[in-house]
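Computed over heavy atoms, backbone and side chain alike; hydrogens, waters and symmetry mates excluded.
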Amino acid sequence: MKSQTEYKLKSAPEDAVSAVKFGPNTNQFLLVSSWDGYVRLYDVTANNLRHKYAHDTAVLDCCFTDAVHSYSGGLDNTLKSFDFNTTKENIVGTHANAIKCVEYCTEVNGILTGSWDHHLKLWDPRTPICSGSYNQGDKVYTMGVCGEKLVVGTAGRKILVWDIRNMSYTLQKRESNLKYQTRAIRCFPNKQGYVLSSIEGRVAVEYLDTNPEVQKKKYAFKCHRIKEDGLEKIYPVNAISFHPIHNTFATGGSDGYVNIWDGFNKKRLCQFHQYHTSVTSLSFSHNGSVLAIACSYFLEEDNPPNPLPEDIIYIRTVTDQETKPKYSGS
C-alpha cells in the first residue's frame, strides 16, 4: 500500500487531456482521451499504459460500456469503438461536426453522442448502428446520464431533459440559472437532479422534479475564484464528478483547484492543494476511494505561458473524511 495519497500517471498524453473516466466496477482501469489524437487505457494500480488507439485528430470524449469496450469521438466527427481484449477497433458512425460528448446509458444499453452539429445520436453497441438522431437546437457542449433520463447542455445556455426510452419529444426545456456559457453537467447518483458549471466560476444544483416545492431547493454558488490584491479573478469550472456513494461531488477549475462539495447541505467539505495548471477533467472510481485529476493548460489566456505547462494525470486516494457529508446535530 502506497503511503502517499497522490501520484502522477506515467506515459501521460502529449497534449491537453479532454476526459478521464474510470471503468465500471473498478479502481484500476482509467480511460483517457486527449487532444493528441489518442485514447489511452491505464492500469492506475500498476501505474502503466495498457493500450492506446488513435483518431485522426483531437479526441474530445470517451466512455466505457463495460470493462473491455470503449467508445470515443472528437474533431474527426467519428465515433469509434475499441475492444481491449482483441485490440480491434471499429468505426461505428459519424456526425456532421465534432463529437463533443460520449456517454453510455446502462438502462437502455445505448451509447449517446452529442455534437457541434446540434444533434444527439443514440447508438446500439450490439449491432453498431445509429438508432436515432435528435436535434438539440444548438451545439451540444456537455451531457449527463441520470438513470433513463439525459440532461443536455447546449450553446445559448439551454438545458434539455430527455427520456432515453422515448426520444420523440423533449421532457423539459430549461435555461441555465448561470449567466454564462455552460461548461459541464453531471447527474446525482440518486438520480434526483444534476449539477451544472459555467465558465464564470459558478455552479448550480438543480432538481429534475418540476414540483414547485422541489424546485425551491435549487440554488447556485460561486467557486473557483481567487482574490489577489483586492481583485477577484474568476475561473471556468471545467469538471464535475460525483462520489458514487455519498452523493457529494468534486469540481475542478482553471484556477488549478479541486473542491469537494456536499450539495444537499450546501457546504464545501474540502479543497486540495493547488495544481500546476487548469483541472480539465475529474473521475471518481466506482467505490469513490480514488479520484483521477487531469491537469492541462486549456489556452485560457491571451498570452499563454511558454513553454506550456506539462499535461499530467494525478491519481489521488480520497478518504471518507474528505468526501462524506458531515451531518450536524446528530
Counting C-beta onward and ignoring hydrogens, is there a side-chain heavy-atom pair between [X] and [Y] closer than 4.5 Å?
{"X": "E228", "Y": "K233", "answer": "yes"}
{"X": "E89", "Y": "V39", "answer": "no"}
{"X": "C105", "Y": "L150", "answer": "no"}
{"X": "L9", "Y": "V44", "answer": "yes"}
{"X": "N287", "Y": "F22", "answer": "no"}
{"X": "H118", "Y": "K139", "answer": "yes"}
{"X": "V102", "Y": "C62", "answer": "no"}
{"X": "V318", "Y": "F272", "answer": "yes"}

Do you know which two heavy atoms are closest between [X] and [Y], and how far apart they sit?
{"X": "H224", "Y": "T251", "result": "NE2-OG1, 2.8 Å"}
{"X": "I164", "Y": "G147", "result": "CD1-O, 4.4 Å"}
{"X": "V20", "Y": "S281", "result": "N-OG, 3.0 Å"}
{"X": "R225", "Y": "Y235", "result": "CA-CD1, 4.5 Å"}
{"X": "E310", "Y": "H276", "result": "O-NE2, 2.7 Å"}
{"X": "M143", "Y": "L120", "result": "SD-CD1, 3.6 Å"}

Open item on the list: Using 30° and 60° as the class boundaries, would you call the ring planes of W123 and H95 parallel, tilted or perpendicular?
Closed with: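 W123 and H95: perpendicular rings.
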Task: Parallel, tilted or perpendicular, as decided by the 30° and 60° cut-offs, for the rings of Y53 and H55 - done: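 Tilted, since the angle between the ring planes falls between 30° and 60°.
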Open item on the list: Please determine whether a side-chain nitrogen of the Lys or Arg among R40 and D36 lies less than 4.0 Å from a carboxylate oxygen of the Asp or Glu.
Closed with: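 Answer for the salt bridge query: yes.
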Open item on the list: Using a strict threshold of under 4.0 Å (side-chain N to carboxylate O), is an ion pair present between E322 and R316?
Closed with: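 So R316 pairs with E322 through a salt bridge.
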Check for a donor-acceptor pair, side chain of [X] on one end and backbone N or O of [Y] on the other, with a separation under 3.5 Å.
{"X": "N77", "Y": "A98", "answer": "yes"}
{"X": "S131", "Y": "L122", "answer": "yes"}
{"X": "D83", "Y": "K88", "answer": "no"}
{"X": "K100", "Y": "Y141", "answer": "yes"}
{"X": "N238", "Y": "V279", "answer": "yes"}
{"X": "S241", "Y": "F284", "answer": "yes"}
{"X": "K121", "Y": "T94", "answer": "yes"}
{"X": "S176", "Y": "L178", "answer": "yes"}
{"X": "S34", "Y": "D15", "answer": "yes"}
{"X": "T248", "Y": "T323", "answer": "yes"}

Can you see whether [X] engages [Y] through a side-chain donor-acceptor pair at a distance of less than 3.5 angstrom?
{"X": "T45", "Y": "N27", "answer": "no"}
{"X": "T26", "Y": "Q28", "answer": "no"}
{"X": "T154", "Y": "D138", "answer": "no"}

- [ ] Among S81, C130, S72, find the one that has a side chain to side chain contact (heavy atoms under 4.5 Å, CB included) with V92.
- [x]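 It is S81, the one option of S81, C130, S72 that forms the side chain to side chain contact (heavy atoms under 4.5 Å, CB included) with V92.
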[atom2] on [Y] to [atom1] on [X], rounded to 0.5 Å:
{"X": "I111", "Y": "C63", "atom1": "CD1", "atom2": "SG", "result": "5.0 Å"}
{"X": "Q181", "Y": "T142", "atom1": "CD", "atom2": "OG1", "result": "11.0 Å"}
{"X": "I99", "Y": "L60", "atom1": "CD1", "atom2": "CG", "result": "9.0 Å"}
{"X": "S283", "Y": "K21", "atom1": "OG", "atom2": "NZ", "result": "8.5 Å"}
{"X": "Y257", "Y": "S278", "atom1": "OH", "atom2": "OG", "result": "13.0 Å"}
{"X": "Y42", "Y": "N47", "atom1": "OH", "atom2": "CG", "result": "9.5 Å"}

Task: Chi angles and distances behind the side-chain contact (heavy atoms from CB on, under 4.5 Å) call for F82, T87 - done: CA-CA 7 Å; F82 193 83; T87 68; 3.9 Å; yes
Open item on the list: Apply salt bridge (Lys or Arg N to Asp or Glu O under 4.0 Å) to residues R186 and E103 and explain how you reach the verdict.
Closed with: CA-CA 11 Å; R186 286 288 175 262; E103 294 287 342; 3.6 Å; yes
Tell me whether [Y] is reachable from [X] by hopping between hydrophobic residues (I, L, V, M, F, W, Y) whose side-chain heavy atoms are closer than 4.5 Å.
{"X": "V161", "Y": "L196", "answer": "yes"}
{"X": "Y134", "Y": "L160", "answer": "yes"}
{"X": "L269", "Y": "V258", "answer": "yes"}
{"X": "V145", "Y": "V152", "answer": "yes"}

- [ ] I would like to know whether I159 and V151 meet side-chain contact (heavy atoms from CB on, under 4.5 Å); could you show each step before the answer?
- [x] CA-CA 7 Å; I159 310 295; V151 184; 3.6 Å; yes
TODO: Evaluate the criterion side chain to side chain donor-acceptor pair (under 3.5 Å) for residue pair N48 and S11; output intermediate values, then yes/no.
DONE: CA-CA 7 Å; N48 64 24; S11 317; over 6 Å; no
TODO: I would like to know whether N109 and Y104 meet side chain to side chain donor-acceptor pair (under 3.5 Å); could you show each step before the answer?
DONE: CA-CA 7 Å; N109 184 26; Y104 176 60; 2.7 Å; yes
TODO: Apply side-chain contact (heavy atoms from CB on, under 4.5 Å) to the pair T78 and D56, showing each step before the final yes or no.
DONE: CA-CA 9 Å; T78 303; D56 291 342; 5.9 Å; no
Task: side-chain contact (heavy atoms from CB on, under 4.5 Å) assessment of S33 paired with L31 - done: CA-CA 7 Å; S33 58; L31 197 63; over 6 Å; no
Open item on the list: Who clusters with V205? Use side-chain heavy atoms, under 4.5 angstrom, across I, L, V, M, F, W and Y, and order the result by chain and number.
Closed with: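 Noted: V205 shares its cluster with F188, V195, V203, Y207, V214, Y219, F221, V237, I240, F242, F249, W261, F264.
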